[in-house]
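For reference, the structure is listed below as structure tokens.
By convention in this document, chain letters (A, B, ...) are assigned in the order of the sequence lines, proteins followed by strands, and residues within each chain are numbered from 1.
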2 protein chains.
Amino acid sequence: MAENNSRREIILQEAAHLFREKGYQATNLRELAKRSGIQGGSIYHHFASKQEILFQLMDHTMTDMIDSLSAAIRSSDCPAEKLRRAVHFHIEYHITGPDQTYITDDELRNLEPDNYLKVIAKRDRYQQIIEGIFRAGKEQQSWRVTDIKLFTRALIQMCAGVSSWFSFDGPLTIADIADQYADMLCQGLFER
Amino acid sequence: MAENNSRREIILQEAAHLFREKGYQATNLRELAKRSGIQGGSIYHHFASKQEILFQLMDHTMTDMIDSLSAAIRSSDCPAEKLRRAVHFHIEYHITGPDQTYITDDELRNLEPDNYLKVIAKRDRYQQIIEGIFRAGKEQQSWRVTDIKLFTRALIQMCAGVSSWFSFDGPLTIADIADQYADMLCQGLFER
DNA sequence: GTCTATAACTAGATAGAC
DNA sequence: GTCTATCTAGTTATAGAC
């Protein structure tokens, strides 16, 4: 999101925070404006509607997730290592950007039809990248993955959930958790 | 929820449906009333407020989940079998009662403080039952569970997510999915 | 680019008739 | 137990001044 402190960026940031805390519907633009240092009506100089703010937030997050995941796994050729990195990335991204990711996971139903389709398409792209890792593992290392989509969904869901309880003061680092989850997924993949 | 077709029950059922579809905040009581076959104002003969409807729904669901999970694992003494049954139960319950469970997982932030504490307490009870299975496995069968809470959360999150994509027309039955997920969790538990 | 004022609307909740 | 009518408050979005 290019640390640009334009008012537009400030509004998006504060919106992410409020949408997560209260939900999209329960967030009112007067409070969003106040937190962004302006008056209610001024929001409309930057965005056409509340819906547009939600869409921009989700669309940007999905794009960033696709790019970052791709970059994270690009430098390895080993499917098992790619999987470990994907788990690590997915957990870390959800913890470091909890507002954006929570909204992107959770506010789909509040998108208007057109926007919904656009965001869903990117979400599918993201899933396909992870499915590709399982497919490569199956072909190159004979992983015992009976259903690739099933494993992909399990991975995404259990990793995304970490951010709901993770604490930086807690006993486990992000890397600890990522390693344990990656192990948990990998244990069953190899013949024994 | 004792298939009692009193108006109260109808309202609760329709509310579960609407809350899931649109979210608690976005659901308006006039539409809920209409779907329940009455006029807006009549809701208040059955419930004191919109909040009370949400709370009743969540509280009842949590109570039922605790009772049903307890019953499902009671008849076995083997931790691995208990785990398999817990996975199966959690997935199946989320699929067969998707409205209720979705809400219970997702609308916590819309509960008023008192109600929140009550529901959270029951949710913790539910988690502790599953933690108990891992603890027993560790003691009786030397499972390699480094962090019981971590595994419990992974289990709950990945199983709950199934209902978001499951289809009765799809290739997999609930039992198929449950078995695969249980395997996935169990593979790593035993020394090799 | 931000302000103030306000229009147009919607929602939760109440009251009293039947 | 349900209806109709209404109160009250809060919301998104617009318009025009600065």
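Listed by first and then second residue, the salt bridge (Lys or Arg N to Asp or Glu O under 4.0 Å) pairs involving residues 83-96 of chain A are A:E81-A:R84, A:E81-A:R85, A:R84-A:D179 (not counting sequence neighbours). Sorted pairs that involve residues 30-53 of chain B and meet ring-ring contact (aromatic ring centres under 6.0 Å, His included), not counting sequence neighbours, are lacking altogether. Sequence neighbours left out, the pairs with a member in residues 145-163 of chain A that pass salt bridge (Lys or Arg N to Asp or Glu O under 4.0 Å) are A:E131-A:K149.
Counting only distance, with no hydrogens or angles, the side chain of A:K118 and the backbone of A:D59 share no donor-acceptor pair below 3.5 Å. With hydrogens and angles ignored, the 3.5 Å screen pairs a side-chain donor or acceptor of A:E107 with a backbone N or O of A:Y24.
First and last contacting nucleotides of DNA chain C toward chain B (any atom under 4.0 angstrom from a heavy atom, 5' to 3' order): C:dA11 to C:dT14.
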Identify all side-chain donor-acceptor contacts of residues 28-38 of chain B below 3.5 Å with residues at least two apart in sequence or on another chain.
{"from": "B:N28", "atom 1": "OD1", "to": "B:R30", "atom 2": "N", "distance (Å)": "3.0"}
{"from": "B:N28", "atom 1": "OD1", "to": "B:E31", "atom 2": "N", "distance (Å)": "2.9"}
{"from": "B:E31", "atom 1": "OE1", "to": "B:K22", "atom 2": "NZ", "distance (Å)": "3.1"}
{"from": "B:S36", "atom 1": "OG", "to": "B:L32", "atom 2": "O", "distance (Å)": "2.8"}

Expected rows: protein N/O vs nucleotides 10-13 of chain D N/O, under 3.5 Å:
{"from": "D:dT11", "atom 1": "OP1", "to": "A:N28", "atom 2": "ND2", "distance (Å)": "3.0"}
{"from": "D:dT12", "atom 1": "OP1", "to": "A:T27", "atom 2": "O", "distance (Å)": "3.0"}
{"from": "D:dT12", "atom 1": "OP1", "to": "A:K50", "atom 2": "NZ", "distance (Å)": "3.0"}
{"from": "D:dT12", "atom 1": "OP2", "to": "A:L29", "atom 2": "N", "distance (Å)": "2.9"}
{"from": "D:dT12", "atom 1": "O4", "to": "A:R30", "atom 2": "NH2", "distance (Å)": "3.2"}
{"from": "D:dA13", "atom 1": "OP2", "to": "A:Y44", "atom 2": "OH", "distance (Å)": "2.8"}
{"from": "D:dA13", "atom 1": "OP2", "to": "A:K50", "atom 2": "N", "distance (Å)": "3.0"}
{"from": "D:dA13", "atom 1": "O5'", "to": "A:Y44", "atom 2": "OH", "distance (Å)": "3.4"}

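In summary, the side chains of B:T173 and B:D176 do present a donor paired with an acceptor at a separation below 3.5 Å, with no hydrogens or angles considered.
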